[in-house]
Amino acid sequence: LCSSVLRAPGATKAPKAFIHTPETPQAQRKPSKPSMRQAMLPFILAAASADKLANPCLAEPFSSMPFCDASLTIEQRARDAVGRMSLTEKVDALGTKQGPTPSLGLGRYDWWSEATSGLANGNHGADGFHTHFAYPVTTGMAFNRTLWRVTGEAIGREARALMNAGKAYSTLWTPVVNLARDPRWGRNVEVPGEDPLLTGEYAVAFIQGLQNEEGGFLQASACCKHFVANELEKTRQLDGEEFDRRHDDAQVTERDLLDSYLPPFEACVKAGVSGLMCSYNSLNGIPSCANKELLDTAMSWGFDGYITSDCDADRNVYNTHRYTKTRAEAVRDVLQAGTDVDCGEFVPRNAWRALAEGLIDEALIDERLVNLFKVRLRLGHFDLSFDNKKPRGPLDLIPESVVCSKAHVETSKEGLAQSATLYKNNAALPLSVRKVLMSGPTANISQVLASYYGPRDVCGGAYPGLVDAV
């Protein structure tokens, strides 16, 4: 029977389906009928157990929902997706390990993947052999924008290939654009150098290569870190006093910020980077991830992406910086400042208390999540198939065979070759001696550092080092 026959006399027509927004009251949202819930059950069960990235928009019941409608703007689609989530799903999505999200047919997603010198192995990358590219401190010495772009493009391509194969995700926390101002820092290998202009130019080329938009979608998402003035790991003074990044309050003048520390991040934003990471340290008394003025600065440059905390940096707002009296207040401060996702579990665990105490509301959570879903939409997570056999765009056609391909291995070698400078030879090279002793901590450094924010299992298991060079 038609629904009009069953309608009581004088009753108004049921409202048509419309785009859900975070502002839509729950009572006005289209009710979930028993038949709909039954139809969604297989997708809910699949989402709950899936580790492989899958597009829910390829089949009903999700394909007809507005967040799957490619004719709408990314903003509209993201708001519709967030509007369909339960509050429990929303709170869960504030952490890096998101999902599953049955309301949207989504399986698990991990925002944290490392790829400074190639896609990492293990929990923050993918298993198997990957190309290990030259470190940024090495390629930085080449002063070659083309090399930086090609290296970034190769890393992003391997990440997309492994995502298509169901082995990886596509939000890569690279590049590092802090400055190598002190050899004792301990992370100088991650950055291209000490000069703000060089670092900014490196970031622009690397991001353009890694994100490399094809068919309207980002190949991978780059994330510039650590915002800002994060140049301290851990140090102990002669008198025994210790300083570390989780307690550090970087005192930086406005001139130094404008001349040195901010320009590389501004370059990132103007290059179209889709992610930023706020740092462990405080800046002039305010923890970076709770520093609204700092994060708003990125917005003033035109930033359009998501902001993640460094891992446990949101928790440090409360427990090491002692910036707030309670955990719930720390949650309020980081969310209001503009930090979208917490690398860790601090925010998801304590958001419920913050909600109960009226420190935050669901609308604030929605705003943070909209930024996350906009990035996932730009990556094609709701439009592409991730299947070489049933492609819906050029990124779907990237096969796993590009990983450790000859071209990528040559790019890795080129990064090393272009960084070397021979000031003067005087006929000393090539060596005419028969035996050379190589010793010390750098003799086998390539294997020691192989897993440092890059692949541990390098192509073919080869770890060329100083012995090979000699």
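At least one donor-acceptor pair under 3.5 Å links the side chain of S309 to the backbone N or O of C343. Not a single donor-acceptor pair under 3.5 Å links the side chain of K225 to the backbone N or O of V177. Side-chain atoms of T199 do not come within 3.5 Å of backbone N or O of P264 as any donor-acceptor pair. Judged purely by atom type and a 3.5 angstrom limit, N121 uses its side chain to pair as donor or acceptor with the backbone of A126. No donor-acceptor pair closer than 3.5 Å links the side chain of S113 to the backbone N or O of L172. Counting only distance, with no hydrogens or angles, the side chain of D396 and the backbone of R392 share a donor-acceptor pair below 3.5 Å. Judged by distance alone, with hydrogens and angles left aside, the side-chain atoms of N164 form a donor-acceptor pair with the main-chain N or O of L395 at under 3.5 Å. When atom types are taken as modelled, the side chain of D457 and the backbone of D127 share no donor-acceptor pair closer than 3.5 angstrom. Side chain of D110 to backbone of H124: no donor-acceptor contact under 3.5 angstrom is found. A donor-acceptor pair under 3.5 Å is absent between the side-chain atoms of S260 and the main chain of L257, judged by distance alone.
T101 and E89 form no side-chain donor-acceptor contact under 3.5 Å, judged by distance and modelled atom types alone. Side-chain contact check for E414 and T411: no donor-acceptor pair (N or O, by modelled atom type) lies under 3.5 Å. There is a side-chain donor-acceptor pair under 3.5 Å between S274 and Q211. No hydrogens or angles considered: nothing links the side chains of S288 and H226 as a donor-acceptor pair under 3.5 Å. Side-chain contact check for E60 and S64: at least one donor-acceptor pair (N or O, by modelled atom type) lies under 3.5 Å. With hydrogens and angles left out, the side-chain atoms of N316 and R246 include a donor and acceptor closer than 3.5 Å. D310 and S279 are not linked by any side-chain donor-acceptor pair at a separation below 3.5 angstrom, with hydrogens and angles left out of the test. Between the side chains of S221 and R376, no donor N or O sits under 3.5 Å from an acceptor N or O.
Taken from OG1 in T171 to CE in M163, the straight-line distance is 10.0 Å, to the nearest 0.5 Å. Here the straight-line distance linking atom CG of L364 with atom NZ of K90 works out to 11.5 Å at 0.5 Å rounding. Here H321 contributes atom NE2 and N281 contributes atom CG; the two are 6.5 Å apart, rounded to the nearest 0.5 Å.
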inquiry  = As a quick check of understanding, evaluate side-chain contact (heavy atoms from CB on, under 4.5 Å) for F382 and F67, giving each step before the final call.
reply    = CA-CA 8 Å; F382 299 90; F67 72 87; 3.8 Å; yes
query = Between D304 and K374, is a salt bridge (Lys or Arg N to Asp or Glu O under 4.0 Å) present by the stated rule, with each step listed?
reply = CA-CA 9 Å; D304 182 18; K374 284 168 65 177; 3.5 Å; yes
inquiry  = For a side-chain contact (heavy atoms from CB on, under 4.5 Å) check, start with the C-alpha distance between I398 and F386, then their side-chain angles and the critical distance, and finish with the verdict.
reply    = CA-CA 9 Å; I398 300 177; F386 324 128; over 6 Å; no
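Looking at every heavy atom in both residues, L162 comes nearest to E400 through CD2-OE2, 3.8 Å.
Taking the six-membered ring where tryptophan is involved, the planes of F227 and F265 are tilted, since the angle between them lies from 30° to 60°. The aromatic rings of Y135 and H132 sit perpendicular to each other, their planes meeting at more than 60°, with 30° as the lower class boundary.
Contact of the S385 side chain with the N55 side chain is not registered, since no non-hydrogen atoms from C-beta on lie closer than 4.5 Å. Considering only heavy atoms from C-beta on, T151 comes within 4.5 Å of L147 through its side chain.
Close placement of the Y109 and Y169 rings is indicated, their centers lying within 6.0 Å of each other. Ring centers of H130 and F133: at least 6.0 Å apart, outside the cut-off. In this structure, Y202 has its ring center closer than 6.0 angstrom to the ring center of W148.
Scored by the disulfide (SG to SG under 2.5 Å) test, C278 finds C289 as partners (sequence neighbours excluded).
With respect to I365, the side-chain contact (heavy atoms from CB on, under 4.5 Å) criterion is satisfied by exactly one of L94, V370, V347: L94.
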